Amino acid sequence: MMSKNNLIELKELIQASKNIGVVSHINPDGDNLGSLLGLGLSLKSLDKEVYMIKADFIPNDYIFLNGIEELKTFDGKTLDLLFVLDCSDKNRLGLNQNLFDLSTKVVNIDHHISNTIFGDLNFVDNSVSSTGELIYDIIKGLTLPMDKDIAENLYVAISSDTGRFSYENVSSKTHEVIADLYDYSIDAYKLNKKLYQSRSLDRTKLFIEAISNVNFYNNSSIAIVKVTQKMLRKTNAKMEDTEGIVEFLRDTDSVEAAFLLKELSEHEIKVSLRTKSNVDANMICSAFGGGGHTRASGCTIKDTIIKAEELVLMEAKKYMD
Ligand SMILES: [Mn+2]
């Protein structure tokens with residue numbers, strides 16, 4: 001799966017590099033942060049100057065990750081080597097796009113279907129569950145250091161992007177990787193409590209508010225839930241507190257496509273889509289210039305939230321029986 005030549009080239013690149021950066025995308029999620037910290041901590045145990053570079057603010061959900069305090073905005077001058085993780089294209093780096101100009105070589109590690117192969121060296125495989133699983137392969141393939149802290153970060157990365165090991169992107173290999181991570185004495189129960197059983201009360205209140213205003217369409221095969229600025233004010237929650245709402249709706253038996261529309265501002269709506277069965281989330285979001293994966297994708301619509309609801313509904317109906 002991972003070409004030997006690529007790995008040899010990567011090994012040489014790492015050996016020849018003194019300053020190494022590791023960065024992922026804006027709006028970081030578990031796969032991003034877990035992959036970044038996993039690879040970053042591993043490289044740090046070599047005799048290298050390693051910069052784990054923040055692309056955005058870090059959601060509260062992830063401040064428990066081992067080494068999270070290492071994540072900083074880039075304050076160096078140049079990089080010999082830059083690892084870009086979990087990004088389908090350069091734009092996903094947001095303001096950190098300038099890192100491309102400051103870096104001699106770029107390594108692109110990703111599992112998005114839509115990856116534009118922008119690296120000097122590319123480890124891109126959309127059949128793999130997560131960037132975390134790719135990082136595991138690279139660490140093992142190059143015999144880079146692995147320890148409990150690194151293994152826990154990779155566990156979080158893989159669990160996050162597989163819906164707790166439930167999506168079609170999970171393979172026997174995914175489970176073998178997890179089994180091996182257990183051999184580094186990871187505390188999976190602790191990680192699962194932090195990831196899935198630590199919701200704030202404000203978030204629960206926002207959840208109730210949003211869910212009680214959901215709309216079902218097309219024989220209840222399409223669910224659309226909205227989170228407005230007004231709801232955030234009412235519940236004292238933040239936009240990052242919408243985590244889990246769209247999955248809850250997807251889990252309704254009649255629902256094939258569940259949309260969450262987040263009102264960032266009056267004319268900027270961020271859409272998250274989760275699908276089941278024959279509905280391809282990546283295809284629907286592509287119609288709006290976004291994308292992602294078959295089961296989980298996103299896009300942004302520059303219109304009002306009411307109009308955005310009409311637009312995504314129209315698009316989703318095209319893929320329904
Ligand atoms: Mn990912």
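Order of listing sets the numbers, starting from 1, for every ligand and every atom in it. Owing to the predicted nature of the structure, the values given are computational and were not obtained by experimental measurement. Side chains are part of it too, since the values below use all heavy atoms of this structure and drop only hydrogens, waters and symmetry mates.
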How about Phe259 and Tyr217: are their ring centres within less than 6.0 Å of each other?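 No, ring centres 6.0 Å or more apart.
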
Does the side chain of Asn192 pick up a donor-acceptor pair with the side chain of Tyr155 at under 3.5 Å?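 A pair is found: one side chain offers a donor N or O, the other an acceptor, under 3.5 Å apart.
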
Does [X] put an N, O or S atom under 2.8 Å from the Mn ion (ligand 1)?
{"X": "His112", "result": "no"}
{"X": "Asp86", "result": "yes"}
{"X": "Asp110", "result": "no"}

Would you say the side chain of Ile150 lies within less than 4.5 Å of the side chain of Leu144, judging by non-hydrogen atoms?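 They are not in contact (no side-chain heavy atoms under 4.5 Å apart), so the answer is no.
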
How is the N/O/S atom of [X] that comes nearest to the Mn ion (ligand 1) named?
{"X": "Asp31", "answer": "OD2"}
{"X": "Asp161", "answer": "OD2"}
{"X": "His111", "answer": "NE2"}

Flag if over 12 foreign heavy atoms under 6.0 Å of OH, Tyr189: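 Not buried by this count: 12 neighbours or fewer within 6.0 Å.
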
How long is the straight-line distance from NE2 of His175 back to CG of Asp180, given to the nearest 0.5 Å?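 Result: 14.5 Å between the selected atoms.
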
